[in-house]
Amino acid sequence: MAKFPELAGKRVMVTGAASGIGYATAIRFAEEGAHVFLVDRDAEALTQAASTHANFKGFAQADVASEADVKGSFVAMDRALGGIDVLVSNAGISIRSDFEKISYEQWKRVMDINLGGMFLTAKEATLRMKGRGNGVILMTASSNGTEGHRWYADYNASKAGVILLTKTMALELAPDIRVNCVCPGYVLTPMQRAEYTDEMLASTNEGIPMKRHAEPEEIGALYAFLASDDAKYITGADIRIDGGETAGLF
């Protein structure tokens, strides 16, 4: 049942939409009655995901690190839906590596997707939202962008950049466009499952006050709230949803 009726009919783009947080977020907006446009670089997974809800109104295969791909995705959405009201820029990657083993090619790839992709998608959305007075740009950062975490130097740095990009955009684009980012902690996504064994997951859960990973749907619910009128005075915020992980030593 929809909780935010004002989202019905809103034109929403979600990147990284074929799985994990992105797919759960796309489903949540679709269930709220929004018209959702899906973007992902995995063509097969994207095609499968796009067929799972009647309110998925279009999709585009794209690498968010490619300016041409991003521009093409927005042009495709313009044709399908006539514009955009809400952007959820979510696509990202992480690679578990010791700092000294991170190659410069890996560093650049992580930065290009996790931070560069946020810039490229947010800029295209801004060009379409500016002057209308009701645009919403939301980005996926991470609790890793708020403090140091071993083995993810490139990922951590990229997510810290997303937080400061969010705050700067919020200052420049108010009052026309609200800009916020969400900082999830551990979320049980396919990406997380690929990196962690069952033993690693159990050990990690012991260090989280809530004793579990978040479900992707919980992140999607926060995005729906931030796009709703209930959040119309929230901009420039980096909102942690981490089960208390970063509240202090536990």
Side-chain angles (χ1 to χ4, degrees), residues 3-4 6-7 10-17 20-40 64 70 73-74 77 81 83-92 113-130 132-146 158-185 187 189 214 216-242:
K3 295 184 178 180
F4 304 110
E6 67 272 20
L7 294 180
K10 292 288 187 180
R11 300 162 297 180
V12 181
M13 175 185 281
V14 181
T15 71
I21 292 172
Y23 180 71
T25 299
I27 285 288
R28 178 57 187 265
F29 275 98
E31 291 178 347
E32 294 287 346
H35 295 166
V36 185
F37 191 90
L38 283 63
V39 177
D40 201 283
V64 296
V70 170
S73 297
F74 276 85
M77 185 173 181
L81 296 177
I84 183 171
D85 300 301
V86 179
L87 168 67
V88 181
S89 190
N90 166 74
I113 293 173
N114 291 2
L115 184 54
M118 299 292 172
F119 165 75
L120 291 171
T121 54
K123 183 176 179 182
E124 289 299 316
T126 296
L127 293 173
R128 290 160 171 79
M129 295 176 181
K130 189 73 173 176
R132 285 177 18 211
N134 60 352
V136 178
I137 295 175
L138 304 170
M139 296 185 278
T140 301
S142 173
S143 61
N144 282 46
T146 67
S158 71
K159 293 301 187 178
V162 173
I163 293 170
L164 265 295
L165 176 62
T166 295
K167 293 178 181 295
T168 304
M169 287 174 55
L171 293 175
E172 291 193 28
L173 302 180
D176 286 347
I177 303 170
R178 293 193 296 108
V179 187
N180 294 293
C181 66
V182 169
C183 297
V187 184
T189 64
E217 291 77 13
E218 292 174 301
I219 314 302
L222 178 55
Y223 273 127
F225 164 72
L226 288 172
S228 77
D229 287 349
D230 283 355
K232 62 186 177 182
Y233 199 60
I234 301 175
T235 194
D238 53 308
I239 300 173
R240 301 185 195 189
I241 177 167
D242 65 0

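Numbers here simply count residues along the sequence, with the first being 1. Keep in mind it's a predicted model, so treat the numbers as computed, not measured.
Heavy-atom minimum distance, Ser73 versus Phe37: O-CE2, 3.8 Å. Of all heavy-atom pairs between Thr121 and Phe74, the closest is O-CZ, 3.4 Å. Ala34 and Val12 make their closest contact through CB-CG2, 3.8 Å (heavy atoms, listed as atom of the first residue, atom of the second, distance). Thr166 and Ala237 make their closest contact through CG2-O, 4.0 Å (heavy atoms, listed as atom of the first residue, atom of the second, distance). Among all heavy-atom pairs drawn from Arg178 and Ile234, the shortest one is NH1-O, 3.0 Å. Residues Met118 and Ala91 approach most closely at CE-O, 3.9 Å, considering heavy atoms.
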Just do the side-chain contact (heavy atoms from CB on, under 4.5 Å) check on Lys3 and Glu31 with the steps written out, would you?
-> CA-CA 9 Å; Lys3 295 184 178 180; Glu31 291 178 347; over 6 Å; no
Show your reasoning for whether side-chain contact (heavy atoms from CB on, under 4.5 Å) applies to Val14 and Tyr223.
-> CA-CA 11 Å; Val14 181; Tyr223 273 127; over 6 Å; no
Residues Val136, Met129; criterion side-chain contact (heavy atoms from CB on, under 4.5 Å); working and verdict = CA-CA 8 Å; Val136 178; Met129 295 176 181; 5.7 Å; no
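Within a 6.0 Å sphere centred on NZ of Lys232, other residues, nucleotides and ligands contribute 12 heavy atoms or fewer. No more than 12 heavy atoms of other residues, nucleotides or ligands lie within 6.0 Å of CZ in Phe119, so this atom counts as exposed by the packing criterion.
The CE atom of Met169 sits 10.5 Å away from the CG atom of Asn180 when rounded to the nearest 0.5 Å. To the nearest 0.5 Å, atoms OG (Ser89) and CG (Leu138) are separated by 9.5 Å. The structure places CD1 of Ile27 at 8.5 Å from CG of Leu38, a figure rounded to the nearest 0.5 Å. A distance of 11.0 Å separates CD of Glu218 from CZ of Arg28, quoted to the nearest 0.5 Å. Separation of atoms CG (Leu164) and NZ (Lys159) is listed at 14.0 Å; rounding is to 0.5 Å. Rounded to the nearest 0.5 Å, atoms CD1 (Ile241) and CD1 (Ile219) are 4.0 Å apart.
Put simply, the side chain of Val182 does not reach to within 4.5 Å of the side chain of Thr140, judged on heavy atoms. Arg132 has its side chain within reach of Asp85: a pair of non-hydrogen atoms, C-beta onward, lies under 4.5 Å apart. Looking at heavy atoms from C-beta onward, Thr25 lies out of side-chain contact with Asn90 at the 4.5 angstrom threshold.
Put simply, the side chain of Lys10 never gets that close to the backbone of Gly33: no donor and acceptor are under 3.5 Å apart. With hydrogens and angles disregarded, a donor-acceptor distance shorter than 3.5 Å links the side chain of Thr146 to the backbone of Ser143. For the pair Ser142 (side chain) and Cys183 (backbone), a donor-acceptor distance under 3.5 Å is absent. Judged by distance alone, the side chain of Asp242 and the main-chain N or O of Pro184 form no donor-acceptor pair under 3.5 Å. Listed for the Glu6 side chain is a donor-acceptor partner under 3.5 Å among the backbone atoms of Asp229.
No option in Ile177, Leu87, Asp176 other than Ile177 meets the side-chain contact (heavy atoms from CB on, under 4.5 Å) test with Thr126.
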